[in-house]
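Heads up, the thing below is written out as structure tokens.
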Amino acid sequence: MRQQLKVIQYGLGPIGAAAARLIVERPDLALVGGVDVDPAKVGFDVGTIIGLDHPLGIKVVERLAQVEAEADVVLHTTSSYFDLFKTQLIEILEAGLDVVSTSEELSFPWLAHPEDAAEIDAVAQLTGQTVLGTGVNPGFLMDALPLFLTAISQRVDRIAMTRVVNASLRRGPFQAKIGAGMTVDDFNTKMAAGRMGHVGLPESVGMVFATLGHTLVKYETDVKPIVAEELVKTAYFEVQPGQVRGLKQVARGYTESGEFMTLTFIAALDEPNEGDTVRLYGRPDLEVKLQGTNGDIATVAIAVNALRRVHEAAPGLVTMRDIPMVTV
Ligand SMILES: NC(=O)c1ccc[n+]([C@@H]2O[C@H](COP(=O)([O-])OP(=O)(O)OC[C@H]3O[C@@H](n4cnc5c(N)ncnc54)[C@H](OP(=O)(O)O)[C@@H]3O)[C@@H](O)[C@H]2O)c1
């Protein structure tokens with residue numbers, strides 16, 4: 001059997017807890033630490049916090065430096081935004097650990113955050129560690145998957161990808177970030193201020209353009225609320241008619257010849273017709289449909305599956321286009 005990789009789970013929200021459970025399940029991985037700042041979690045047994053029916057004999061600590069066990073790699077799941085997670089990544093790299101993170105802005109930071117990306121890359125090179133941002137989206141559905149599909153095309157003129165998510169089946173923080181239960185005015189104000197909605201569309205466009213060697217001459221994005229026509233209830237929200245039950249976000253990337261990439265992200269409570277469709281137009285026209293991509297299960301899977309690839313990769317900031325194919 002392969003040598004066990006020793007993993008610290010950094011961030012124990014719904015995604016981090018599910019990742020930790022999967023790490024415990026995998027014979028080739030060992031969970032050796034749990035980090036989270038939430039006072040409701042610090043000091044408690046990691047097993048209890050992640051929902052196991054038995055303790056693991058490891059306490060949740062507030063800072064990485066407080067983890068006593070030796071480790072190989074960190075699975076980082078605290079935040080989507082560079083200004084919040086950058087110092088955490090530097091702390092992990094400087095502790096001599098590789099890191100896989102679900103932070104959306106890390107999935108391909110070279111377009112939207114080039115200076116931050118260069119800084120992280122420099123620290124990773126200096127410390128001899130590897131850092132990857134991944135997840136279902138960004139990290140797979142709207143970037144790595146369409147790029148992989150171009151391998152069987154002779155020519156690609158345009159790429160379109162649509163993801164429809166029934167958010168009623170997703171975790172609370174996800175329902176919150178798509179605006180569930182807000183008034184339309186609140187939604188528009190909060191969206192204009194940032195820190196809401198799906199994060200990752202510029203990252204996906206950036207990865208595809210850079211990998212195919214296209215120059216992005218224009219990037220457009222648009223977001224609209226989807227309003228409830230009747231009462232919608234989930235485990236986390238009760239949405240009255242007239243309130244927001246989700247959103248539709250569209251991003252368009254243009255080359256000098258026109259619109260090359262169109263990404264449509266629809267996520268709402270009780271949204272019908274869940275599914276993912278990738279279309280490549282060219283020679284040939286190709287359509288690939290996926291049913292059953294539960295974003296939370298998929299994100300945890302791809303992040304955990306990437307741990308060994310990242311541990312074995314050359315030092316630096318890498319993205320899903322840079323490492324060998326991630327598999328179960
Ligand atoms: N790429 C993708 O496809 C994808 C898919 C799913 C999720 N994600 C991202 O993955 C991340 C995790 O998701 P989630 O739903 O589990 O988020 P969450 O509910 O916000 O959980 C994050 C956890 O990390 C803790 N935390 C925050 N700052 C910390 C710090 N400095 N040190 C240690 N712990 C810290 C939080 O504590 P407090 O609650 O006290 O702040 C919370 O317990 C989010 O950024 C999410 O957007 C990405």
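When a ligand or atom number is given, it counts from 1 through the structure's own listing order. Atom set for the values below is all heavy atoms of this structure, side chains included, hydrogens, waters and symmetry mates excluded. Since the model is a prediction, treat every value here as computed from it, not as a measurement.
- Which of Ile15, Leu106, Leu12, Asn137 comes nearest to atom 16 (O) of ligand 1 through a heavy atom is settled by distance: it is Ile15.
- For atom 8 (N) of ligand 1, the closest non-hydrogen atom of the protein is Glu104 OE2, 3.4 Å.
- Here the protein heavy atom with the shortest distance to atom 39 (O) of ligand 1 is Asp38 OD2, 4.4 Å.
- Of the protein's non-hydrogen atoms, the one nearest atom 10 (O) of ligand 1 is Thr102 OG1, 2.8 Å.
- Under a cut-off of 6.0 angstrom, the local environment of CZ in Phe44 is sparse, with at most 12 non-hydrogen atoms contributed by other residues, nucleotides or ligands.
- Asp45 places a side-chain N or O within donor-acceptor distance of the main-chain N or O of Leu56, the cut-off being under 3.5 Å.
- The nearest heavy-atom contact from the protein to atom 31 (N) of ligand 1 is Gln88 NE2, 2.9 Å.
- Under the 4.0 Å criterion applied to side-chain N and carboxylate O atoms, Arg63 and Glu91 are assigned as salt-bridge partners.
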- Item | Stepwise side chain to side chain contact (heavy atoms under 4.5 Å, CB included) test for Leu231 and Glu238 | CA-CA 7 Å; Leu231 179 71; Glu238 188 166 307; 3.8 Å; yes
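- Rounding to the nearest 0.5 Å gives a distance of 5.5 Å between OH of Tyr81 and CZ of Arg195.
- Each of the following atoms of ligand 1 lies closer than 4.0 Å to a heavy atom of Gly135: 1 (N), 2 (C), 3 (O).
- Here Lys177 pairs with Glu104 in a salt bridge; the nearest charged N to carboxylate O distance falls below 4.0 Å.
- Salt-bridge formation is not detected for the pair Arg245/Glu229: no Lys NZ or Arg NE/NH1/NH2 atom is positioned less than 4.0 Å from an Asp or Glu carboxylate oxygen.
- For atom 19 (O) of ligand 1, a protein heavy-atom neighbour is found at a distance under 4.0 Å.
- Heavy atoms of Gly295 come nearer than 4.0 angstrom to ligand 1 in no pair at all.
- Note on ligand 1: Lys41 sits in its first shell, one or more heavy atoms being nearer than 4.0 Å.
- For the atom pair CG (Asp72) and CD (Gln4), the distance works out to 10.0 Å, reported to the nearest 0.5 Å.
- Taking a cut-off of under 4.0 Å to the non-hydrogen atoms of Ser79, the atoms of ligand 1 that pass are 45 (O).
- The existence of a salt bridge linking Arg170 and Asp296 is confirmed by a sub-4.0 Å separation between a basic side-chain nitrogen and an acidic carboxylate oxygen.
- Heavy-atom proximity to Val136, at under 4.0 Å, picks out these atoms of ligand 1: 2 (C), 3 (O).
- Heavy-atom distances between Ser103 and ligand 1 stay at or above 4.0 Å for every pair.
- By the criterion of a heavy-atom distance under 4.0 Å, both the backbone and the side chain of Pro14 are placed next to ligand 1.
- In terms of protein heavy-atom proximity, atom 36 (C) of ligand 1 is closest to Asp36 OD1, 3.8 Å.
- Residue contacts with ligand 1, taken as heavy atom pairs separated by less than 4.0 Å, involve Thr134 solely via the backbone atoms N, CA, C and O.
- Here the side chain of Lys224 pairs no donor or acceptor atom with the backbone of Gln249 at under 3.5 angstrom.
- At a heavy-atom distance under 4.0 Å, only side-chain atoms of Tyr10, from C-beta outward, approach ligand 1.
- Open room surrounds CD on Glu70; 12 or fewer heavy atoms of other groups in view lie less than 6.0 Å from it.
- Considering both main-chain and side-chain atoms, Arg170 never comes within under 3.5 Å of ligand 1 through any nitrogen or oxygen pair.
- With atom 6 (C) of ligand 1 as the reference point, the heavy atom nearest to it among Lys177, Arg171, Glu203 is part of Arg171.
- Heavy atoms from both the backbone and the side chain of Pro138 come within less than 4.0 Å of ligand 1.
- Counting only distance, with no hydrogens or angles, the side chain of Gln9 and the backbone of Gly34 share no donor-acceptor pair below 3.5 Å.
- Ligand 1 has no N or O atom lying under 3.5 Å from any N or O atom of Val35, backbone or side chain.
- Using cut-offs of 30° and 60° for the angle between ring planes, the Phe260 and His214 rings count as perpendicular.
- Under the 4.0 angstrom criterion for non-hydrogen atoms, Gly139 is not in contact with ligand 1.
- With hydrogens and angles disregarded, no donor-acceptor distance shorter than 3.5 Å links the side chain of Thr215 to the backbone of Val217.
- By the neighbour-count criterion of 12 heavy atoms within 6.0 Å, atom CG of Asp83 is densely surrounded, having more than that number from other residues, nucleotides or ligands.
- Under a 4.0 Å criterion applied to the non-hydrogen atoms of Gly11, ligand 1 contributes the atoms 24 (O).
- Distance from atom 5 (C) of ligand 1 to its nearest protein heavy atom, with residue and atom name: Thr299 OG1, 3.1 Å.
- Considering only non-hydrogen protein atoms, atom 26 (N) of ligand 1 sits nearest to Val37 CG2, 3.7 Å.
- Scanning the protein for heavy atoms near atom 44 (C) of ligand 1, the closest one is Ser80 OG, 4.0 Å.
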